Protein chains: 2
Amino acid sequence: MTRVLVVDDEPSIVRALRINLTARKYEVSTATDGASGLAAVARDRPDVMILDLGLPDMDGTEVIRGVRGWTSTPIIVLSVWDQESQKVAALDAGADDYVTKPFGMDELLARLRAAVRRASPAPDEPVVTTDHFTVDLAAKRVIREGGGDVSLTPTEWQLLEVLVRNRGRLVTQRQLLQEVWGPAYETESNYLRVYVAQLRRKLEPEPSRPRYLLTEPGMGYRFGD
Amino acid sequence: MTRVLVVDDEPSIVRALRINLTARKYEVSTATDGASGLAAVARDRPDVMILDLGLPDMDGTEVIRGVRGWTSTPIIVLSVWDQESQKVAALDAGADDYVTKPFGMDELLARLRAAVRRASPAPDEPVVTTDHFTVDLAAKRVIREGGGDVSLTPTEWQLLEVLVRNRGRLVTQRQLLQEVWGPAYETESNYLRVYVAQLRRKLEPEPSRPRYLLTEPGMGYRFGD
DNA sequence: GATGATCTTGATGGATCCTTAACGCCCAGG
DNA sequence: CCTGGGCGTTAAGGATCCATCAAGATCATC
């Protein structure tokens, strides 16, 4: 069954969507602000997300970016203002489609079907290219600019993968340790230092002056392009 | 590698497309007006064409007709005007798909993939050739360079087939075991070692120093060209 | 039922990787 | 000036994983 997450602060809209979507055999979960919306995406792993841009706590594009950082779940944006700039910002941030309030339920359902259909066949894994190397997440390969493959151990690869999937964003030590080593290792920040150093030796042009694997003192690490 | 021709007179659009497409392993060529666009189709023989309707020198539908005169290369049309009539005209002239600016890159990429997929009835190249042997997936045969068939047992063949179909990509042990032996054998990584060794004896010029059947310690195997 | 090919299973040595601890550096605060 | 915390670096063990070999079990074929 297709899971839909509705994030909107207007109770009447949420109720209308819940009724219509449930009647059409969608599994519906809801949130009423950006923060709990992001949490709901992580928790429920919906197949598609319907997001109101006018939330009380966060800017809509921030929510989109927060979701896009780690999943390609389709996002359909709702907004009352028919402003082209806002539309561009939302789409540039990674939204898949855009519906202006007030909307016809039939149109929304059609776009919902289209979004789910488009997303299902091949959710392309990203390929990240820098000046010095290319990371191919699907092939689990790192190719140095100029030919040679870089061979990474499983742990090195997992760590790099988490950082690359969140590229440009800070990833906390706790999050890295949890995703690579598991929840029991949240405090073993020593592991991070060892493995970040190994990755730097293999990837950075000047390992002692990192350009891609950046330290945020006291916080965590960041993959910067 | 899939070749994409971008015809658009807006430098920012061309740049954005070039960056995104190149990062996803497309080969990109560009043109900034209709006449040079038509010339580029003839010269580069792209696998798919992205065409802006608002070109300075020609009407978009004319460009489409010019291309359709001699090839069925898929055409994805871009336009800033969301007018139903123009959309119909472009599609009637022979365009395959239609995207309204501003567009989401994910959507465009999805439509691009769909267009390429529709255009190529034989999705997989059934023959893979290396310097030392040729694998014919359709005929289920391996021919050594210089004549002579290599005879493989059924299990050896299945294993080779999975690796070759994913050539260049890492295939995890679990995936290999699941596809060759079935879901119940996910942990029998011993089987893999035995059969990879047999394949290496039969295919590799130096079985002890593999060139094609590569081990990724802790993760799986990879067929490298 | 005999034979040969194929598949499973176990054992061994060697290579690779993970963990852990120790040390030095830098910087902020006392 | 000293001290402590966070970070980078290195190296050595122990654990894990891999390649190889060989022998028993299974299967197909006649």
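If you're wondering where the values come from, they're calculated on a predicted model, not measured in any experiment.
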Take atom CG of Leu214(B) and atom C1' of dA19(D), then tell me their distance rounded to the nearest Å.
15 Å
Please give, in whole Å, the distance from dT9(D) P to Glu204(A) CD?
10 Å
OP1 or OP2 of dC7(D) less than 4.0 angstrom from a side-chain nitrogen or oxygen of Gln173(A), does that happen here?
yes
Output for pair (Thr187(B) OG1, Gln173(B) CD), nearest 0.5 Å, gives 10.5 Å
Between Ser151(B) and Gly218(B), who's closer to the 5' end of DNA chain C by nearest nucleotide?
Ser151(B)
Mind checking if Val196(A) touches a base, just sugar-phosphate, or nothing, with heavy atoms under 4.0 Å?
nothing
Gap between atoms CD and P, on Glu188(B) and dT9(C) respectively (whole Å):
6 Å
Axial bend angle, the helix from dG1(C)-dC30(D) to dC17(C)-dG14(D): five-pair end segments, nearest 10°
30°
State which of dC7(C), dT19(C), dC17(C) makes the closest approach to the side chain of Pro154(B).
dC7(C)
Is it true that a side-chain atom of Asp136(A) and a backbone atom of Ala139(A) form a donor plus acceptor pair closer than 3.5 Å?
yes
Short side-chain N/O contact to dT19(C) OP1/OP2 from Trp181(A), under 4.0 Å
yes
Closer than 4.0 Å, any side-chain N/O of Thr215(A) to the OP1 or OP2 of dG8(D)?
yes
Side-chain N or O of Ser189(B) less than 4.0 angstrom from OP1 or OP2 on dC17(D)?
no
Does a side-chain N or O from Ser208(A) land closer than 4.0 Å to OP1 or OP2 of dG8(D), or not?
no
Given dA19(D), is OP1 or OP2 found less than 4.0 Å from the side-chain N or O atoms of Tyr191(B)?
no
Taking atom C1' of dT10(D) as reference, at what distance in whole Å does atom NZ of Lys202(A) sit?
15 Å
Think Arg201(B) has a side-chain N or O under 4.0 angstrom from the OP1 or OP2 of dT20(D)?
no
Determine the interplanar angle of the Tyr212(B) and Phe223(B) rings, folded into 0 to 90°, and report it as parallel if under 30°, tilted if 30 to 60°, perpendicular if over 60°.
parallel
Roughly how far, to the nearest 0.5 Å, is the CG atom of Asp33(A) from the CG atom of Asp57(A)?
4.5 Å
May I ask you to verify if any side-chain N or O of Tyr195(A) is less than 4.0 angstrom from the OP1 or OP2 atom of dC18(C)?
yes
Could you pull out all residues at least two apart from Thr22(B) that satisfy side chain to side chain contact (heavy atoms under 4.5 Å, CB included)?
Arg18(B), Val28(B)
dT20(D) phosphate, OP1 or OP2, under 4.0 Å from Arg193(B) side-chain N/O:
no
Minimum heavy-atom distance between Glu186(A) and Leu177(A), given as atom pair plus value:
O-CD1, 3.1 Å
Looking at the side chain of Thr153(B), which of dT6(C), dT20(D), dT10(D) is the nearest nucleotide?
dT6(C)
Partners meeting ring pair (Phe, Tyr, Trp, His ring centres under 6.0 Å) with Tyr221(B) (sequence neighbours left out):
none
Met219(B) CE to dC18(D) P, in whole Å, measures 10 Å
Length of the CG-P vector between Leu192(A) and dT19(C), whole Å
12 Å
Spacing of Gln158(B) atom CD relative to dT8(C) atom P, expressed in whole Å:
11 Å
Would you check if the side chain of Glu204(A) reaches a backbone N or O of Arg211(A) as a donor-acceptor pair within less than 3.5 Å?
yes
Could you tell me how far apart Leu213(B) (CG) and dA19(D) (P) are, to the nearest whole angstrom?
10 Å
5' precedence on DNA chain D between Pro207(A) and Ala197(B) (nearest-nucleotide basis):
Pro207(A)
